[in-house]
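Proteins come first, then strands; the chains are lettered A, B, ... in the order of their sequence lines, and each starts at number 1.
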There are 2 protein chains.
Amino acid sequence: MSTDQLSVTFAALADPTRRAILAHLAQGEASVTELAQPFAMSLPAISKHLKVLERAGLVTRSREAQWRPCRLEAEPLKDVDHWLTQYRQFWEQSFDRLDDYLQELQAEEKKKGRKHKT
Amino acid sequence: MSTDQLSVTFAALADPTRRAILAHLAQGEASVTELAQPFAMSLPAISKHLKVLERAGLVTRSREAQWRPCRLEAEPLKDVDHWLTQYRQFWEQSFDRLDDYLQELQAEEKKKGRKHKT
DNA sequence: AGTATGTTTAACCTAATAGTTAATTAACTG
DNA sequence: CAGTTAATTAACTATTAGGTTAAACATACT
């Protein structure tokens with residue numbers, strides 16, 4: 001796996017168990033066993049998933065007696081949201097065909113360029 | 001890897017080479033060799049990356065002589081954007097402390113519940 | 001037909017993921 | 001101190017990811 005922040009975040013999100021854990025944490029803090037409860041999966045497996053989320057900065061943990069309460073951290077998700085902005089035009093253009101037209105124009109340019117070279 | 005659509009999309013995005021390819025395609029269609037050019041990587045490697053993007057629905061390809069022009073498809077990114085909405089409150093709440101307060105309240109509830117059980 | 005260009009497939013390697021069970025650590029309880 | 005609860009670590013397994021080189025395939029050009 002790549003080690004840049006965005007790659008680590010996307011990789012962490014690429015698992016339904018981990019996304020379900022985040023959804024749970026969106027309701028507030030929770031302990032590891034609480035988070036594990038909905039899954040047909042051993043506790044160590046959940047522990048590993050939490051470590052992945054933690055490495056991605058999506059979860060932080062405190063200590064409280066023998067519990068490690070987990071808490072959602074949204075910062076990496078904000079980064080994903082920001083990364084997405086460069087593509088928003090591609091699904092928001094439907095009501096305004098200009099961007100679409102510009103894209104096709106560029107595609108045409110490319111095609112012509114290639115043919116000249118060949 | 002999980003096979004649900006969102007997992008496949010996130011997994012596809014979890015690689016800087018593939019994200020760079022998407023960024024390139026945001027400028028318009030491109031052939032495989034054109035896409036490969038910026039990378040110190042063999043053509044088959046790029047071909048594999050494209051297959052991953054294609055499986056995720058982020059790229060479609062047509063045929064034109066011996067070229068397979070690749071085109072960006074934004075639909076899966078739109079899905080990611082939609083998935084993100086359930087977390088937007090967590091980074092947009094800064095100017096309005098109410099959500100924050102509610103979250104802490106919930107965390108407190110959880111804590112109390114646990115202590116009663118134990 | 002033969003050659004050049006663009007792309008994919010095959011076969012292989014290495015490292016990382018996602019899971020398991022069993023053992024260990026940590027903290028509280030009686 | 002002995003026992004219980006919460007969570008992690010260790011050791012192992014199977015699968016997948018991401019890369020390589022060499023060979024094959026597809027189309028166009030002369």
Side-chain angles (χ1 to χ4, degrees), chain A residues 1-4 7-21 24-25 29-56 59-71 110-111 113-118, chain B residues 1-4 7-21 25 29-56 58-71 110-111 113-118:
Chain A
M1 206 222 336
S2 308
T3 50
D4 64 279
S7 295
V8 171
T9 302
F10 278 130
L13 296 176
D15 183 290
T17 304
R18 287 195 289 263
R19 290 197 305 279
I21 288 174
H24 190 142
L25 291 177
E29 289 197 353
S31 72
V32 178
T33 15
E34 278 167 1
L35 290 170
Q37 185 269 316
F39 304 105
M41 203 180 288
S42 69
L43 216 40
I46 300 296
S47 201
K48 282 187 184 182
H49 280 306
L50 285 170
K51 199 169 281 181
V52 173
L53 290 169
E54 207 177 6
R55 267 213 323 133
V59 156
T60 51
R61 331 164 78 159
S62 41
R63 302 194 69 132
E64 189 185 323
Q66 64 267 58
W67 295 278
R68 310 296 132 90
C70 302
R71 189 187 162 88
K110 284 263 155 108
K111 212 150 63 178
R114 202 152 61 221
K115 268 176 183 151
H116 288 152
K117 271 179 266 165
T118 308
Chain B
M1 206 221 338
S2 307
T3 50
D4 64 278
S7 295
V8 171
T9 303
F10 278 129
L13 297 176
D15 183 290
T17 304
R18 288 195 287 264
R19 290 197 306 279
I21 288 174
L25 291 177
E29 289 197 352
S31 73
V32 178
T33 15
E34 279 167 1
L35 290 171
Q37 186 268 315
F39 304 104
M41 203 180 288
S42 70
L43 219 38
I46 299 296
S47 201
K48 282 187 184 182
H49 280 306
L50 285 170
K51 197 169 282 183
V52 173
L53 290 168
E54 207 176 4
R55 266 212 324 133
L58 286 159
V59 156
T60 50
R61 332 165 76 159
S62 41
R63 306 192 68 132
E64 189 185 324
Q66 65 267 59
W67 295 277
R68 310 293 134 89
C70 301
R71 190 188 161 88
K110 283 263 156 108
K111 213 150 60 177
R114 202 152 59 222
K115 269 177 186 155
H116 288 155
K117 270 179 265 163
T118 308

Side-chain donor or acceptor of B:Arg18 paired with backbone N/O of B:Ala12 under 3.5 Å | yes
Options C:dT21, C:dT7, C:dA18, nucleotide nearest the side-chain atoms of A:Ser42 | C:dT21
Name of the residue among B:Leu13, B:Thr9, B:Asp15 meeting side-chain contact (heavy atoms from CB on, under 4.5 Å) with A:Phe10 = B:Leu13
Determine: side-chain N/O of B:Arg61 to OP1/OP2 of C:dT8, distance under 4.0 Å, yes or no.
-> yes
Report yes if a side-chain nitrogen or oxygen of B:Ser47 is closer than 4.0 Å to either non-bridging phosphate oxygen (OP1 or OP2) of C:dT8; otherwise report no.
-> yes
If you check every side-chain atom of A:Thr33, which of D:dA6, D:dA22, C:dA27 has the closest atom?
-> D:dA6
Heavy-atom closest pair, residues A:Arg55 and A:Val8 = O-CG1, 4.2 Å
Which atom of A:Pro16 lies closest to which atom of B:Asp4, heavy atoms considered | CG-OD1, 3.7 Å
Kindly point out which of C:dC28, C:dT9, D:dT8 is positioned nearest to the side chain of A:Ala65?
-> C:dC28
Candidates D:dT9, D:dA17, C:dT20 - which lies nearest the side chain of A:Ala45 | C:dT20
B:Lys48 side chain, from C-beta outward: closest of D:dT27, D:dT20, C:dT7 | D:dT20
Report the distance from atom CH2 of B:Trp67 to atom P of C:dA4, rounded to the nearest whole Å.
-> 16 Å
Spacing of A:Lys51 atom NZ relative to D:dA6 atom P, expressed in whole Å = 20 Å
D:dA28, C:dT7, C:dG19: which one has an atom nearest the side-chain heavy atoms of B:Val32?
-> C:dT7
Considering only side-chain heavy atoms of A:Leu43, which listed nucleotide, D:dA7, D:dT21, D:dT27, is closest?
-> D:dA7
Do you know which two heavy atoms are closest between A:Arg19 and A:Ala14, and how far apart they sit?
-> NH1-C, 3.9 Å
Among C:dA18, D:dA17, D:dA22, the one nearest A:Asp15 by side-chain distance | C:dA18
Where the side chain of A:Gln66 is concerned, which of C:dC28, C:dT8, C:dA11 is the nearest nucleotide?
-> C:dC28
Note: for A:His49 and A:Arg63 on DNA chain C, the residue whose nearest nucleotide lies more 5' is A:His49
note: B:Leu35, atom CG; C:dT8, atom C1'; distance rounded to Å ~ 15 Å
Provide, to the nearest angstrom, the distance between the CZ atom belonging to B:Phe10 and the C1' atom belonging to C:dT17.
-> 18 Å
Among D:dA26, C:dT20, D:dT9, find the nucleotide with the atom closest to the side chain of A:Met41.
-> C:dT20
Looking at A:Ser31 and A:Glu34, what are the two nearest heavy atoms and their distance?
-> N-OE1, 2.9 Å
For the pair made of CZ in B:Arg19 and P in D:dG18, what is the distance, rounded to whole Å?
-> 12 Å
In whole angstroms, the gap separating P of D:dT15 from CE of B:Met1 amounts to 15 Å
Could you give the CD1-to-P distance, from A:Ile46 to C:dT17, as a whole number of Å?
-> 17 Å
Can you tell me how far C1' of D:dG19 sits from CG of B:Leu50, to the nearest Å?
-> 15 Å
